[in-house]
J.: 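A single structure is presented below for examination.
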Amino acid sequence: MLESQLEMMDKIGYLLLKKGIIDIKILQEALEKKKNDQFKLKRNLAQILVQEFKFDHDTIFREVALLYAFKELVINIDELTDQRTVEILNLMESQGEQVKKHLIERKVIPFKYDERIKDKLILAAVDPTDRELTKIAYSLNAKKFEINFLKHADFDKLIDKINPQKNEFLQMMEDSVEEFNMEVADEGGISEEDLDAEINKSALINLVEAALVEGTRRGVSDIHVIPKSGNITEIHFRQDGKLVLWHAQDNVLPEAMMAVVKDRAKGLDRFERERAQDGFIQREIDKHIIRFRVSVLPMVGTELKNKFESIVIRILDDRKVIKDLSKLGLVGYANQAFQKSINQPQGMVILTGPTGSGKSTTLVAALYQVITPKVNVLTVEDPVEYVIEGARQLKIGHKMNFEQAIRAILRHDPDIVLVGEMRDKETAETAIKLANTGHLTFSTLHTNDAPSAVARLYKMGIEPFLIAYAINIIVAQRLIRRLCPSCKKRVVEHDPVYMKSLGLDVDEWKKQEIYEAVGCRECNDTGYKGRLAIHEALYFTKELREIIVRSGIEVDEEKIRAQARADGSHNLRESGLEKVKLGLTSIQEVISGTMDE
């Protein structure tokens, strides 16, 4: 009876309920909101579910498109030619800047005119139920029009390609006719007054702000500001794990550039040039709040008159947070073992790998799988990089440091705990204690692979039986570069000497459809665009626990590796080579990013 009433009230809601996308409670709450704002915003149920209940836009509106028979426009952005890009841009600009602005605001693309019906315009809309679409079609002088559904992610990529946003700070730099010109007061150092005057009248501020905007838009992880001799300061971007020079500024003393960065940040002293400092910057870029973590280190320079410092700015963009575990690249045995481990009521889940290998990203995604209003989730991180909805993240500072927070956390009635890093015996013992007393505990270690993480804990002084029975799984992770889809080339000839040196069977690999890097404009001639994760999973089976418990004066890593292989685990190189067979990366990239075991 209730279902028939709901169907009469709202077809969209009934469809989503029937497919299990929403439950009856959410549907009733959403219908109540719809009823309350019917005289104001006049939103439909799909819009309310996305805006108010934070459901995935594309999941909801794909069902809406199916219900109302809107075609879905599937676009491969990478295969879109420059000519088609220009054609779409011309359609958007045909009726002036105001209409173009309205199209972008409503997330609508005039994609093309129908090939069969020449005067019918195909409109691709993120929300095909938008009441403004008819007005938009009329504003484009379309006699006839057809609405297609376009995924939100595809709209963003398409807009970035056909109408890239301008960096206003770069524009101001280019428009400025002022020259950088700074004189040194004497051989003993610089004049602070002259430094101030130079900063105020130069385009340095625009350069720093331009770097923050450009780095965010390009999706880089870090911005490096590096002083060089001869009054040159270089700005490098870490793109896909590699440093790339973005800008070299000459005719400016390094102190001037460093002072500008420090002035833009909170927690930094511009006059302190002899010690390490940490601060942060916050900016609104493209309508999103972006946080930047700033690290300053003094360094040795070739010129005694200059006080050189190196600055690294980590970009913390919450839009990059992955909440869906399926998007992490875990496959096969590693995926099954990881899913099983995080759904246990207690025990440790450890991620291991070098800095920048995506450990935190994986742990945050795992946390989102287990966070519910019924559990108390506490995190101890130094520093906190991303805000995790539904978790209580402890604030580390001079009044409560990392070690004090770790000790206090046991008294705060946790169910699930994330310890940012097990950096010493005390932290490791507390984390192990949490796992042994009925808590699901997540943490990280810096080791080369999963078996060596066991040895590392043992050498820290953790008892073998605690290691064996407190840990559910250890996952080693690396990030390797993904081949650029626009220019990757199929390998037709294999070098037998090279393949043999890697221990690979040439005849076997000839049967595989694999690719190599080439380089094009889309990937800045690197041959790679984006990164993907590879994993080695060490799931603690009964046999593995027995090996660890029987350890003598040291852990036998080779026995652990052999048992893991017998259980079905792949090492990092094998995991990477599986990605090669899928056409996602190259053999060379896997070899350079992993060790031969």
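Residue numbers run from 1 in the order of the sequence given.
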J.: R482 and E589: salt bridge (charged side-chain N to carboxylate O under 4.0 Å, His left out), yes or no, with the steps?
T.: CA-CA 9 Å; R482 186 188 293 267; E589 178 65 10; over 6 Å; no
J.: Taking the side chain as every heavy atom from C-beta outward, state whether I311 and S295 have any atom pair closer than 4.5 Å.
T.: no
J.: Can you check whether F53 reaches I22 side chain to side chain, under 4.5 Å on heavy atoms?
T.: no
J.: Determine, for R217 against E214, whether the closest basic-nitrogen to carboxylate-oxygen distance falls under 4.0 angstrom.
T.: no
J.: Got L584 and Y515 here, is their nearest side-chain heavy-atom distance under 4.5 Å?
T.: no
J.: Is the count of non-hydrogen atoms from other residues, nucleotides or ligands lying under 6.0 Å from H288 atom NE2 greater than 12?
T.: yes
J.: To the nearest 0.5 Å, tell me how far L121 CG sits from I136 CD1.
T.: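 Between L121 CG and I136 CD1, I get 11.0 Å after rounding to 0.5 Å.
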J.: Can you list everything that forms a ring-ring contact (aromatic ring centres under 6.0 Å, His included) with F145? Sequence neighbours excluded, please.
T.: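 Not a single residue meets the ring-ring contact (aromatic ring centres under 6.0 Å, His included) criterion with F145.
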J.: Tell me whether R291 is salt-bridged to E385, with the criterion being a basic N under 4.0 Å from an acidic carboxylate O.
T.: no
J.: Considering only residues two or more places apart or on different chains, which pairs with a residue in residues 96-105 satisfy salt bridge (Lys or Arg N to Asp or Glu O under 4.0 Å)?
T.: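 Found E93-K100.
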J.: Give a yes or no on whether the backbone of L45 and the side-chain of K33 come within a donor-acceptor separation of less than 3.5 Å.
T.: no
J.: Is a side-chain N or O of D154 found less than 3.5 angstrom from the main chain of L150, in a donor-acceptor match?
T.: no
J.: Does NZ belonging to K340 count more than 12 external heavy atoms closer than 6.0 Å?
T.: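 Not buried by this count: 12 neighbours or fewer within 6.0 Å.
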J.: R411: what forms a side chain to side chain contact (heavy atoms under 4.5 Å, CB included) with it, not counting sequence neighbours?
T.: A408
J.: Does the side chain of L367 come within less than 4.5 Å of I342's, by heavy atoms?
T.: no
J.: Using the side chain to side chain donor-acceptor pair (under 3.5 Å) criterion, which residues pair with Q393? Sequence neighbours excluded.
T.: E381
J.: Kindly write out the residues that satisfy side chain to side chain contact (heavy atoms under 4.5 Å, CB included) with S94, not counting sequence neighbours, or none if the list is empty.
T.: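 With sequence neighbours excluded, S94 shows a side chain to side chain contact (heavy atoms under 4.5 Å, CB included) to L140, given in chain and number order.
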J.: Heavy atoms, side chains only, cut-off 4.5 Å: are I223 and V312 in contact?
T.: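 Counting from C-beta outward, I223 and V312 never come under 4.5 Å.
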J.: Between T585 and L483 (side chain of the first, backbone of the second, donor and acceptor by atom type, cut-off under 3.5 Å), is there such a pair?
T.: no
J.: R392: which residues meet the salt bridge (Lys or Arg N to Asp or Glu O under 4.0 Å) condition with it, sequence neighbours left out?
T.: none
J.: Report the residues that fulfil side chain to side chain contact (heavy atoms under 4.5 Å, CB included) with K135, sequence neighbours left out, ordered by chain and then residue number.
T.: E132
J.: Are D317 and R319 close enough for a salt bridge, meaning some N to O gap below 4.0 Å?
T.: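 Looking at R319 together with D317, the answer is yes, because their closest N to O distance falls below 4.0 Å.
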J.: Going by the side chain to side chain donor-acceptor pair (under 3.5 Å) test, which pairs reach into residues 58-74, not counting sequence neighbours?
T.: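 Qualifying pairs: K19-E63, D56-T59, R62-E72.
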J.: With the threshold set at 4.0 Å, does a side-chain nitrogen-carboxylate oxygen contact exist between E421 and K359?
T.: no
J.: Quick one: do D222 and R314 make a salt bridge, cutoff under 4.0 Å?
T.: yes
J.: Hey, is the main chain of L133 close enough, under 3.5 Å, to the side chain of D130 for a donor-acceptor pair?
T.: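 No, the answer is negative, given that no donor and acceptor are paired below the 3.5 Å cut-off.
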J.: Could you give all pairs that pass the side chain to side chain donor-acceptor pair (under 3.5 Å) test and reach residues 362-372, with sequence neighbours left out?
T.: T362-Q477
J.: Who pairs with T352 by side chain to side chain donor-acceptor pair (under 3.5 Å), at least two apart in sequence or on another chain?
T.: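 For T352 the side chain to side chain donor-acceptor pair (under 3.5 Å) partners, ignoring immediate neighbours, are T447.
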J.: Going by side chain to side chain contact (heavy atoms under 4.5 Å, CB included), name the residues that satisfy it together with A405, two or more places apart in sequence or in a different chain.
T.: V380, L394, I396, M400
J.: Do you know which two heavy atoms are closest between D415 and K374, and how far apart they sit?
T.: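 For D415 and K374, the tightest heavy-atom pair comes out as OD2-O, 4.3 Å.
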J.: Would you please name every residue forming a side chain to side chain donor-acceptor pair (under 3.5 Å) with T441, sequence neighbours left out?
T.: none
J.: Looking only at side chains, do Q239 and R218 share a donor and an acceptor under 3.5 Å apart?
T.: no
